[in-house]
Amino acid sequence: MKTDFSKPYDPKLVEPEIYQQWLDSGYFNPDNLKIKSLKIKNYIVYMPLPNVTGTLHMGHALNNTLQDIIVRYHRMRGYRTLWLPGTDHAGIATQYKVEKELRKKDTSRFELGREKFVEHVWRWKEEYGGIILDQLKKLGVSADWSRLRFTMDEAYAKDVLAAFVHYYDKGWIYRGLRTVNWCPRCGTSLSELELEHREDQGTLWYLKYPLADGSGSIVVATTRPETMLGDTAVAVNPKDKRYAKLVGKTVKLPLTGREIPIVEDLKIDPSFGTGAVKVTPAHDILDFEIGQRHNLETIQVIDDRGKMNENAGEYAGLKTEEARAAVAAKLQDGGFLENKEPYAHNVAVCYRCGHVIEPIPSTQWFLKMETLAKNAVKAAKSGKVKIRPENFEKTYFDWLLNIRDWTISRQLWWGHQLPVWFCKNQTEISNSQFPISNKNLKLKIKNSSAEDFVVSVKKPAACPICKNCDMVQSVDVLDTWFSSALWPFAGLSASDRKKYYPGNAVITARDIINPWITRMIFSGIEFMGKVPFSDVFINGTILTKDGRRMSKSLGTGVDPLKYIEQYGADATRFAVVWQATGQDIHWDEAAVAAGRKFCNKIWNAARFVLQNEPSSAALAKGGNAKPQTTADKEILGKLAKIKKETEKSIEQFEFAKALQNLYDFFWHDFCDVYLEESKKQLANKDTEETTKAILTATIGESLILLHPFMPFVTEAIHQNLKSAGDEFLMITAW
RNA sequence: GGGCAGUUAGUUCAAUGGUAGAACGUCUGUUUUACACACAGAAGGUUGUAGGUCCGAUUCCUACACUGCCCACCA
């Protein structure tokens, strides 16, 4: 495309057309690159999957710009370069969003039923799920769109289910009744990584539990008196001398009269409260673990909607907050309330909807993490994968070395249904999420070993258990991260896996080191036998100028598309990279304006050179660009130096440094100094031709160096240089 | 509670064991035939606080304060 070099540079006139040309060229697909030799190395970057619910925010803009830089750089260096894009079905986020929409239309997923609801989400995904991809294209992202994958594509889903079967066959997946973090609004279990914590002004209540033998009482502290209805023990620390003589005795639980034991447990902190804790295995995860150790009963008094159930007697049907007040009042009347004081503490809330988490018992599926975590640790310790900046290795190791088994089931409708098939005759209750919710008053928790189900990707033709039922699939779906953990290979076709696995780099934000990076690493090792990539780079977090988090709900976000519209994609890319020097970026819009000015500077410098191109392309190619003057020598020396520096910086993921050095070179060394000097040299017959050749060679080389950072303006200029030939700058040899 | 990072010009950030740099902003001048989204020049900083090591610290060490994030979750 020959561009009209009217001034100044107008990104709107060139960006859409250039991007279309790149798409049409097919060069985003490594199979179409003109690779000279089979020995040429691959360079593969796995894109962090944007959610189908997502729209582009500054974090995406930064993250994808950095990836695009390293991808474009390697493509120009001649690598067989693949940037693999995809979208994530984002179970809870998407379901939440679609449900919210349904609510506006005065209906709900329950009214639609599962099948219709899932169809509805698919239609929603077809309509809106690609928005973010179009936005990425505006940014200039050079991913191979022909390989785009969605985590619920048929082929991808097959790999997800096969992974489940694989783990099950290894004996690493088990099913158990556990007290888990439950969001009453979303109606699903949540993993620890899906919780957020919010400070809550509550009350610390001191409850007096009388000893059954009438010899006194023991006082426990709690923020949730209503759960006392489900207490099945009082626990103290074995080292706590104050209570030593009480251990083994029983107390008579107020209001209910139930007798419950006093037990010892090391997890109790003697210095907090009274040092004695009420134990409610059904409604507290730590208490559940204590219950397991002491073989305590689990009595559920709160249901999956966050209301008191029939085990709560007269309080049944009340919301927990209502029950809290009622129970506290009753305790006070009965003389069981020793004291109360205001108390600020953290409550866990759902990361998605913000509702307070209610720990409740339910049947969930778990993946044993011991070996997987060990493998992931080994991969980083041995240097097979390198995490940069290095201090993030600590985040990685800390989590893996203190790993708990992974709750992989979610009670959602949108996602990969577990490849688990239940015998209809054997048990109906097994397939229910709440085997204990309504009926059972008391129950000892045991991990069921009863084989009333079969694990298989496909539905078994005949039930191997009762021999004559039509088996039903588990209603649970898998944690979204279970599927995205497989991205480096499940995102590739079978033949691509041979060619393009393992890859090289992942660039992402620090908050998904644990949910995603660690899991991709152990999944890659487990299923492909190789660490999926050698480099992890953690990019900074963009905050507002005054250091607050950017968020839609706070109204503190800024829209990268607005910048692209107003200043151009290159200017936007310039701004995010320019500022990406540390862990946190205090976003300054002024940098975008600076980026636009730089585009214009490049544009105008090119105009000057174009007016002074050597008469023939051959000359311009630099054959006779031998320096004659000091200025000539200096600029060529600086050019060679900046080239080396840029290579080094990019390869070390020091993008801001690379860009700032390039900026300095181009603006000050080239434009301010050489270009000005060249005006004199052009006026002199003796130096005219050499100067033209050096100008052309320098601008040509500068465009190459700048291209990964500012691809549009450089490509547009390149196509107007006589010396450039017909090939795209995008694939011009570095 | 534990950890990580940061605190330098008006603002956003660099840099260095030996008198601190850029971008943007500000001020002065310039329509010099690539660019006023420009050019030439200028002002602007006892480098968070308090100690310590050193001939010398903004840089290394210690403590403290503040900010952001991550992890844990004490009932």
Side-chain angles (χ1 to χ4, degrees), chain A residues 5 7-10 192-193 195 197 202 204-207 220-225 227-228 231 234-236 265 267-280 283-287 290 343 345-348 389-399 401-402 509-514 538 540-541 543-549 567-568 571 574-575 578-612 656-657 659-661 663-664 667-668 670-672 675-676 678-679 682 695 699:
Chain A
F5 267 88
K7 54 183 169 171
Y9 173 62
D10 183 355
E192 286 146 52
L193 295 169
L195 305 182
H197 297 271
L204 190 60
W205 314 76
Y206 290 86
L207 311 182
V220 297
T222 181
T223 52
R224 302 197 56 190
T227 62
M228 62 83 62
D231 282 3
V234 169
V236 298
D265 199 281
K267 289 276 168 165
I268 306 303
D269 176 0
S271 65
F272 185 85
T274 61
V277 183
K278 60 191 273 310
V279 180
T280 322
H283 299 295
D284 185 286
I285 289 169
L286 181 66
D287 288 2
I290 294 172
Y343 183 61
H345 63 130
N346 282 339
V347 291
E390 273 177 19
N391 54 289
F392 288 114
E393 281 189 356
K394 199 171 157 43
T395 307
Y396 179 89
F397 288 128
D398 282 355
W399 190 70
L401 294 171
N402 297 296
R510 58 176 173 258
D511 54 344
I512 56 176
I513 294 173
N514 293 332
I538 305 299
T541 303
L543 306 170
T544 63
K545 198 168 180 179
D546 52 355
R548 288 183 301 153
R549 199 183 180 80
Y567 298 96
F574 176 95
W578 184 265
Q579 297 185 78
T581 51
Q583 266 193 31
D584 291 326
I585 296 151
H586 289 207
W587 178 254
D588 189 350
E589 184 171 338
V592 194
R596 180 179 59 173
K597 282 159 75 170
F598 189 41
C599 288
N600 198 45
K601 191 73 180 174
I602 300 168
W603 185 255
N604 283 304
R607 286 175 59 211
F608 177 80
V609 176
L610 278 166
Q611 288 162 16
N612 293 293
K657 189 176 165 191
L659 179 60
Q660 289 178 14
N661 285 336
Y663 176 94
D664 202 44
W667 199 302
H668 299 119
F670 182 57
C671 293
D672 290 351
L675 208 141
E676 290 305 322
S678 77
K679 288 174 186 170
L682 288 168
L695 279 173
I699 193 104

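The figures here come from the full heavy-atom set of this structure, side chains too, leaving out hydrogens, waters and symmetry mates. Lettering follows sequence order; numbering is per chain, from 1.
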Side chain of [X] only, please: which of [options] is the nearest?
{"X": "A:Asp269", "options": "B:C73, B:A75, B:C24", "answer": "B:A75"}
{"X": "A:Asn346", "options": "B:C4, B:C69, B:A72", "answer": "B:A72"}
{"X": "A:Tyr663", "options": "B:C69, B:C24, B:C71", "answer": "B:C24"}
{"X": "A:Asn391", "options": "B:C4, B:A23, B:U12", "answer": "B:C4"}
{"X": "A:Thr395", "options": "B:A75, B:C70, B:C4", "answer": "B:C70"}

Please give the distance between the [atom1] atoms of [N] and [M] as a whole number of Å.
{"N": "B:U47", "M": "B:G10", "atom1": "P", "answer": "12 Å"}
{"N": "B:U12", "M": "B:G51", "atom1": "P", "answer": "28 Å"}
{"N": "B:C37", "M": "B:U49", "atom1": "P", "answer": "40 Å"}
{"N": "B:G17", "M": "B:C24", "atom1": "P", "answer": "28 Å"}
{"N": "B:A5", "M": "B:A14", "atom1": "P", "answer": "15 Å"}
{"N": "B:C54", "M": "B:U67", "atom1": "P", "answer": "35 Å"}
{"N": "B:G44", "M": "B:A20", "atom1": "C1'", "answer": "13 Å"}
{"N": "B:G21", "M": "B:G45", "atom1": "C1'", "answer": "11 Å"}

If a protein heavy atom is under 4.0 Å from the base, mark B; if only from the sugar-phosphate, S; if neither, -; do that for nucleotides 31-41 of chain B going 5' to 3'. ---BB-BSS--
Salt bridge check, A:Asp584 against A:Arg510: does any charged N sit closer than 4.0 Å to a carboxylate O? yes
Looking only at the aromatic ring of each residue, does the gap between the centers of A:Trp578 and A:Tyr663 stay below 6.0 angstrom? yes
Output the pairing pattern of RNA chain B as a dot-bracket string, 5' first, Watson-Crick or G-U wobble with both distances under 3.5 Å, | for cross-strand pairs, [ ] for crossing pairs. (((((((..((((....[..)))).(((((.......))))).....(((((..]....))))))))))))....
Separation of [X] atom [atom1] from [N] atom [atom2], in whole Å?
{"X": "A:Asp584", "N": "B:A5", "atom1": "CG", "atom2": "P", "answer": "12 Å"}
{"X": "A:Leu543", "N": "B:U11", "atom1": "CG", "atom2": "C1'", "answer": "16 Å"}
{"X": "A:Trp587", "N": "B:U12", "atom1": "CH2", "atom2": "C1'", "answer": "11 Å"}
{"X": "A:Asp398", "N": "B:G3", "atom1": "CG", "atom2": "P", "answer": "11 Å"}
{"X": "A:Glu393", "N": "B:C71", "atom1": "CD", "atom2": "P", "answer": "18 Å"}
{"X": "A:Met228", "N": "B:A75", "atom1": "CE", "atom2": "C1'", "answer": "14 Å"}
{"X": "A:Trp578", "N": "B:A14", "atom1": "CH2", "atom2": "C1'", "answer": "10 Å"}
{"X": "A:Phe272", "N": "B:A72", "atom1": "CZ", "atom2": "C1'", "answer": "15 Å"}

For [X] and [Y], indicate whether the former's side chain and the latter's backbone hold a donor-acceptor pair under 3.5 Å.
{"X": "A:Asn600", "Y": "A:Arg596", "value": "no"}
{"X": "A:Asn612", "Y": "A:Phe608", "value": "yes"}
{"X": "A:Asn402", "Y": "A:Asp398", "value": "yes"}
{"X": "A:Asp265", "Y": "A:Ile268", "value": "no"}
{"X": "A:Gln583", "Y": "A:Thr541", "value": "no"}
{"X": "A:Thr544", "Y": "A:Arg548", "value": "yes"}

Please report the interatomic distance OH(A:Tyr396) to CG(A:Asn514), rounded to the nearest 0.5 Å. 9.5 Å
If I compare all heavy atoms of A:Thr227 with all of A:Lys278, which pair ends up nearest, and what's the gap? OG1-NZ, 2.6 Å
State, yes or no, whether a side-chain contact exists between A:Leu204 and A:His345 at a heavy-atom distance under 4.5 Å. no
Flag side-chain contact, heavy atom, 4.5 Å: A:Val592 against A:Trp587: yes
Of A:Gly582 and A:Asp664, the one whose closest nucleotide on RNA chain B sits nearer the 5' end is A:Gly582
Of A:His586 and A:Leu204, the one whose closest nucleotide on RNA chain B sits nearer the 5' end is A:His586
Counting the atoms with a prime plus P, OP1 and OP2 as sugar-phosphate, which does A:Tyr343 contact under 4.0 Å by heavy atoms, base, sugar-phosphate, or nothing? sugar-phosphate
Under 4.0 Å, counting only non-hydrogen atoms across every strand here, what does A:Arg548 touch: a base, just sugar-phosphate, or nothing? nothing
With a 4.0 Å limit, can you tell me whether [X] has a side-chain N or O closer than that to the phosphate oxygens OP1/OP2 of [N]?
{"X": "A:Tyr396", "N": "B:C71", "answer": "no"}
{"X": "A:His345", "N": "B:C74", "answer": "no"}
{"X": "A:Thr581", "N": "B:C13", "answer": "no"}

